[in-house]
Amino acid sequence: MNNIRIALQKDVSLKALNTFGIDAVAANYLEIHGIQDLERVYGDESLQRLPRLILGGGSNLLLVSERFEGIVLRMVNKGIAVERDDGQAVYLRVAAGEEWHGFVMWTLQQGYPGLENMSLIPGTAGAAPVQNIGAYGVELKDYFYSLRAFDFQTGQMVELDREDCGFSYRDSIFKHEMKDRLVITDLTFVLPREWKPNIGYGDVAKALIEKGITDPTAEQISHAVIAIRQRKLPDPKEQGNAGSFFQNPTVTAEQMAVLKAKYPDMPSYPQPDGRFRIAAGWLIDQCGWKGRQLGRAGVCAAQALVLINCGDAKGKEIAELAKAIQADVQAKFGIQLVPEPAFV
Ligand code: EPU
């Protein structure tokens, strides 16, 4: 019996491994400590054949099925290192299994600013590129340099740069053509030595003004972001959730003009391509869903874009609530909301 068979666990509850706290079971479960573990799975014919679910922090996942018959590969590889520093920028490598927030804190402690607006985003570093995480005016792609991944089609490691990853708003190739093929093992970020604070986002600017801070440090921005997130977003440890449940929808300038005429208060943000992004939380709020419940699934009272597990909800119940919200938003505004988490 090889190592991988010994480490493989059967019928493992995923309840503590997804931030919604859904009690689903994985038929096969394996922790990935390094590339060798992935090579061993690839080398084992019966394991290679199974459907795979790559698990990081489980913070962008809705387990709809009560049982996953494939194999869960949970990334637990660790390590953060300075790859190089050319005087202009520092290149930092982080293993997929590191906690994203822990990594951001490390960069700030070491004196490498840049990622502070993305403080306290739940999940692992390896999951961050999948949906090109972003918050308060900054996205992962702004500081991303490259990543390495194991290719389950060839059994080889590949290296991808920013362009290869096809990043856009909450999207990348890892959600589409490379979804079941590539397993991200580590990422490299490039943080320019010349740093400028990014405080264009209303909430952040307001929080700093309230504290009398006009020329903030990266740490002060990080503290402000953490305070806003703690106020607006429920802590998954206390109330199961996956952050924003829907993406903010994008509409054309023509559609926006029609919507604005009817709903002058609708929050919207112009995009570089001339389109507009609309706040999905506002749409849901306007449909009267904020703070409401459907079965054991609910809509957060502080932020309508966040769906919550009100206690032992099944994944199916959260999905039903999402469907009801989508139907109401479609009926009232003619806009189709797209969920952010992966449904498994
Ligand atoms: N709004 C309401 N009612 C609500 C919620 C929001 O009217 O219940 C309005 C707010 O008043 C505001 C607007 O909607 O005018 C936007 O709200 P907010 O600033 O909270 O941001 P968001 O668009 O709801 C996005 C991201 C968050 C990210 C914040 C800050 C998406 C899907 N969500 O939320 O990301 O933290 O901006 O940058 O893009 C996540 O992806 O999980 C996530 C939390």
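Indexing begins at 1, ligand by ligand and atom by atom, following the structure's order.
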Within ligand 1, which atoms have a heavy atom of L305 less than 4.0 Å away? 24 (O), 32 (C)
What are the atoms of ligand 1, with element, lying closer than 4.0 Å to any heavy atom of F246? 32 (C)
Ranked by distance from atom 19 (O) of ligand 1, the top protein heavy atom is Y201 OH, 2.6 Å
Any chance CD of E177 has more than 12 other-residue heavy atoms, nucleotides or ligands included, within less than 6.0 Å? yes
Could you list the atoms of ligand 1 found under 4.0 angstrom from a heavy atom of G243? 42 (O)
Does this structure show an ion pair linking E69 with R67, if we count only N-O contacts that are shorter than 4.0 Å? yes
Charged N to carboxylate O below 4.0 Å: is that the case for D203 and K206? no
Check the pair L92, T107 against side chain to side chain contact (heavy atoms under 4.5 Å, CB included), reporting the backbone distance first and the verdict last. CA-CA 9 Å; L92 302 174; T107 62; 3.6 Å; yes
Could you find the nearest protein heavy atom to atom 12 (C) of ligand 1 and give me its residue, atom name and distance? Y269 OH, 4.1 Å
Considering only non-hydrogen protein atoms, determine which one is nearest to atom 3 (N) of ligand 1 and report residue, atom name and distance to 0.1 Å. D285 OD2, 2.7 Å
With atom 40 (C) of ligand 1 as the reference point, say which of A279, S244, A242 has the nearest heavy atom. S244
Stepwise, does the side chain to side chain contact (heavy atoms under 4.5 Å, CB included) test hold for I32 with V183? CA-CA 11 Å; I32 302 296; V183 179; over 6 Å; no
Modelled atom types, side-chain donor and acceptor of N132 and S168, under 3.5 Å: no
Give the residue, atom name and distance (to 0.1 Å) of the protein heavy atom nearest atom 36 (O) of ligand 1. R229 NH1, 3.4 Å
Closest to atom 39 (O) of ligand 1 among protein heavy atoms sits Y169 OH, 2.7 Å
Give yes or no for whether the N/O distance cutoff of 3.5 Å, strictly under, is met between Q131 and ligand 1. no
Kindly indicate whether a cation-pi arrangement holds for R84 with Y91, taking the cut-offs as under 6.0 Å to the six-membered ring centre and within 45° of the axis. yes
Closest to atom 15 (O) of ligand 1 by heavy-atom distance, out of P267, G281, G123, is P267
When distances are taken from atom 7 (O) of ligand 1, the protein heavy atom at minimum range is W282 CD1, 3.2 Å
Could you tell me whether some N/O pair between E340 and ligand 1 is separated by less than 3.5 angstrom? yes
Students often mix this up, so state it plainly: with edges at 30° and 60°, are the rings of Y263 and W282 parallel, tilted or perpendicular? perpendicular
CG (D312) with more than 12 external heavy atoms under 6.0 Å: no
How far is atom 38 (O) of ligand 1 from its nearest protein heavy atom, and which residue and atom name does that atom have? Y136 N, 2.6 Å
Does ligand 1 have an atom that lies less than 4.0 angstrom from a heavy atom of W289? no
Which ligand 1 atoms are under 4.0 Å away from a heavy-atom of K290? 3 (N), 4 (C), 8 (O)
Ligand 1 atoms in contact with A304 (distance to a heavy atom under 4.0 Å): 4 (C), 5 (C), 8 (O)
Nearest-option assignment for atom 35 (O) of ligand 1, heavy atoms, candidates Q303, R170, M266: R170
Derivation of the side chain to side chain contact (heavy atoms under 4.5 Å, CB included) call for K10 and N28: CA-CA 5 Å; K10 297 277 183 188; N28 301 280; 2.7 Å; yes
Run the salt-bridge test on R148 and E159 with the 4.0 Å N-O cut-off and return the result as yes or no. no
Indicate whether atom 43 (C) of ligand 1 is within a distance of less than 4.0 angstrom of some protein heavy atom. yes
Report yes or no: do Y145 and L182 belong to one cluster of Ile/Leu/Val/Met/Phe/Trp/Tyr joined by side chain heavy-atom distances under 4.5 Å? no
Can you tell which of V225, N248, I284, I121 gets a heavy atom nearest to atom 23 (O) of ligand 1? N248
